[in-house]
Amino acid sequence: MSRKEALTQFIQQIHGRPVVVKLNSGVDYRGVMACIDGYMNIALEQTEEYINGELKNKFGDSFIRGNNVLYISTQKRKGA
């Protein structure tokens with residue numbers, strides 16, 4: 001499987017699931033992946049902002065520009 005195929009498969013798997021988006025600044029955003037485009041721009045729902053592991057803000061929907069993203073990781077559902 002090529003890198004592109006692996007990335008495409010990962011993106012399909014995380015759609016609608018809880019994820020952690022780590023920014024280059026060190027801030028984490030946790031929420032449900034609503035959509036992602038070819039530039040890695042991300043829309044999250046039920047978003048929470050964490051700074052140094054501490055919850056700082058809660059947002060309904062949020063948009064994160066792809067050039068700020070360090071990585072995207074899956075997150076276990078609360079209570080799971």
Interatomic distance, CD@Gln46 vs NZ@Lys58, rounded to 0.5 Å, equals 10.5 Å
In chain order, what residues pass the side-chain contact (heavy atoms from CB on, under 4.5 Å) check against Ser62, with sequence neighbours excluded?
Leu44, Thr47
Can you list every pair that meets salt bridge (Lys or Arg N to Asp or Glu O under 4.0 Å) and has a residue in residues 24-44, with sequence neighbours left out?
Lys22-Asp28, Asp28-Arg30
Let me check something: any side-chain donor-acceptor pairs from residues 8-15 under 3.5 Å, sequence neighbours excluded? List them with distances.
residue	atom	partner	partner atom	Å
Thr8	OG1	Lys4	O	2.9
His15	NE2	Ala34	O	2.7

Under the salt bridge (Lys or Arg N to Asp or Glu O under 4.0 Å) test, residues paired with Glu54 that sit two or more places apart
Lys56
Output the rest of the hydrophobic cluster of Phe63: all Ile, Leu, Val, Met, Phe, Trp and Tyr residues reachable through side-chain heavy-atom contacts under 4.5 Å, sorted by chain and number.
none
Of the non-hydrogen atoms in Tyr29 and Leu23, which two are nearest, and what is the gap between them?
CE1-CD1, 3.4 Å
More than 12 heavy atoms from other groups under 6.0 Å of CG on Asn52
no
Linking I/L/V/M/F/W/Y whenever any side-chain heavy atoms sit under 4.5 Å apart, do Ile51 and Leu70 land together?
no
Val20 reachable from Met33 in the ILVMFWY side-chain graph, under 4.5 Å edges:
no
Using the rule given for side-chain contact (heavy atoms from CB on, under 4.5 Å), can you reason through Glu49 versus Val27, listing the C-alpha separation, both sets of side-chain angles and the distance that settles it, and then say yes or no?
CA-CA 7 Å; Glu49 177 185 52; Val27 176; 3.8 Å; yes
Residue set satisfying side chain to side chain donor-acceptor pair (under 3.5 Å) with Asn68, at least two apart, ordered chain then number -> none
Taking only residues two or more places apart in sequence, or in another chain, which ones meet Asp61 in a side-chain contact (heavy atoms from CB on, under 4.5 Å)?
Glu45
Can you check whether Ile72 reaches Ile36 side chain to side chain, under 4.5 Å on heavy atoms?
yes
